[in-house]
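Note that the structure is a prediction, hence the values are computed from the model and not measured.
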Amino acid sequence: MITAIVRYKLPPSIDYNDCLAHFAKIAPGFREAKGLISKHFIWSEDGTAGGVYQWETLDAAKAFYNGPWLKGIVERYGMKPEIEYFTVFALTDNTTGKVMVFEKPRLAKNHRLKATAT
């Protein structure tokens with residue numbers, strides 16, 4: 001699982017209410033995004049907005065962000081967004097009471113077990 005954090009600065013002409021209305025309007029369309037698990041639409045008092053996305057794979061995330069979505073962001077906000085990608089190791093879901101671990105440890109190519117002196 002991949003988490004992507006996307007941020008962009010809103011122009012001064014877009015306030016809290018404008019951003020809220022726009023996000024509420026476009027939110028249903030994200031149900032069709034291939035590989036998207038969930039999206040949190042975010043806004044900050046400093047005029048930053050964006051999303052926290054959960055993706056099935058990094059490829060799915062990158063394909064989405066390089067498509068029509070990017071063109072729409074640039075047209076609407078006049079800038080490319082900042083996008084950070086993170087591998088999700090584990091998830092605590094308090095709504096279901098579940099804890100899930102997604103990743104397994106990896107051995108380095110030249111990994112050697114350390115011997116302990118006794």
Side-chain angles (χ1 to χ4, degrees):
M1 181 185 305
I2 299 295
T3 293
I5 300 175
V6 175
R7 291 184 296 266
Y8 45 84
K9 197 76 168 167
L10 295 171
S13 61
I14 299 177
D15 65 12
Y16 174 95
N17 290 330
D18 295 329
C19 187
L20 173 60
H22 178 68
F23 282 172
K25 178 182 173 184
I26 67 170
F30 283 85
R31 289 184 295 203
E32 307 301 320
K34 186 175 179 179
L36 179 66
I37 298 167
S38 66
K39 177 182 178 183
H40 296 254
F41 294 81
I42 59 174
W43 177 87
S44 173
E45 289 282 345
D46 73 356
T48 301
V52 177
Y53 299 72
Q54 299 296 317
W55 293 98
E56 293 173 358
T57 66
L58 182 58
D59 288 342
K62 288 185 173 184
F64 179 81
Y65 298 131
N66 287 311
W69 174 87
L70 180 59
K71 182 180 178 189
I73 293 292
V74 172
E75 286 176 358
R76 182 165 173 82
Y77 305 115
M79 64 171 289
K80 286 188 174 182
E82 177 184 320
I83 304 173
E84 295 178 279
Y85 300 99
F86 300 88
T87 299
V88 178
F89 285 170
L91 171 69
T92 300
D93 185 341
N94 289 333
T95 63
T96 64
K98 293 181 181 179
V99 173
M100 296 165 272
V101 177
F102 301 109
E103 295 293 319
K104 297 186 185 327
R106 296 179 185 166
L107 290 178
K109 289 182 181 179
N110 295 322
H111 179 78
R112 295 185 183 155
L113 294 176
K114 294 182 180 180
T116 57
T118 55

E32: salt bridge (Lys or Arg N to Asp or Glu O under 4.0 Å) partners, not counting sequence neighbours: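 Salt bridge (Lys or Arg N to Asp or Glu O under 4.0 Å) list for E32, sorted by chain: empty.
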
Any residue meeting salt bridge (Lys or Arg N to Asp or Glu O under 4.0 Å) with E45, in chain and number order, not counting sequence neighbours: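 Salt bridge (Lys or Arg N to Asp or Glu O under 4.0 Å) list for E45, sorted by chain: empty.
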
So, do [X] and [Y] sit near enough that their side-chain heavy atoms are less than 4.5 Å apart?
| X | Y | result |
| --- | --- | --- |
| W55 | L36 | yes |
| K80 | V74 | yes |
| H22 | I14 | no |
| Y65 | I73 | no |
| L70 | P81 | yes |

Indicate every side-chain donor-acceptor pair of residues 56-63 with a distance under 3.5 Å to a residue at least two apart or in another chain.
residue, atom, partner, partner atom, Å
T57, OG1, A60, N, 3.0

Identify whether [X] and [Y] are in the same connected component of the hydrophobic contact network (ILVMFWY, side-chain heavy atoms under 4.5 Å).
| X | Y | result |
| --- | --- | --- |
| M79 | I83 | yes |
| M100 | I37 | yes |
| I42 | W69 | no |
| L20 | V6 | yes |
| F64 | Y77 | yes |

Side chain to side chain donor-acceptor pair (under 3.5 Å) contacts touching residues 6-19 (sequence neighbours left out):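 Residue pairs with at least one partner in residues 6-19: R7-E82, R7-E84.
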
With sequence neighbours excluded, residues passing side chain to side chain donor-acceptor pair (under 3.5 Å) with T87: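 Listed in chain order: nothing, the list is empty.
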
Side chain to side chain contact (heavy atoms under 4.5 Å, CB included) involving V88 - partner list, sequence neighbours excluded: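 By the side chain to side chain contact (heavy atoms under 4.5 Å, CB included) rule, V88 matches M1, T3, Q54, F102.
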
Which atom of K39 lies closest to which atom of G50, heavy atoms considered: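 Scanning both residues completely, I find the closest heavy atoms to be CE-O, 4.4 Å.
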
Output field: ring centroids W43/F23 closer than 6.0 Å: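 W43 vs F23: aromatic centres not under 6.0 Å.
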
Whether F30 and F41 hold their rings parallel, tilted or perpendicular, with breakpoints at 30° and 60°: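 Because their plane-to-plane angle is over 60°, the rings of F30 and F41 count as perpendicular.
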
Greater than 12 external heavy atoms within 6.0 Å of F89's CZ: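 No - once you tally the heavy atoms of other residues, nucleotides and ligands closer than 6.0 Å, there are 12 at most.
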
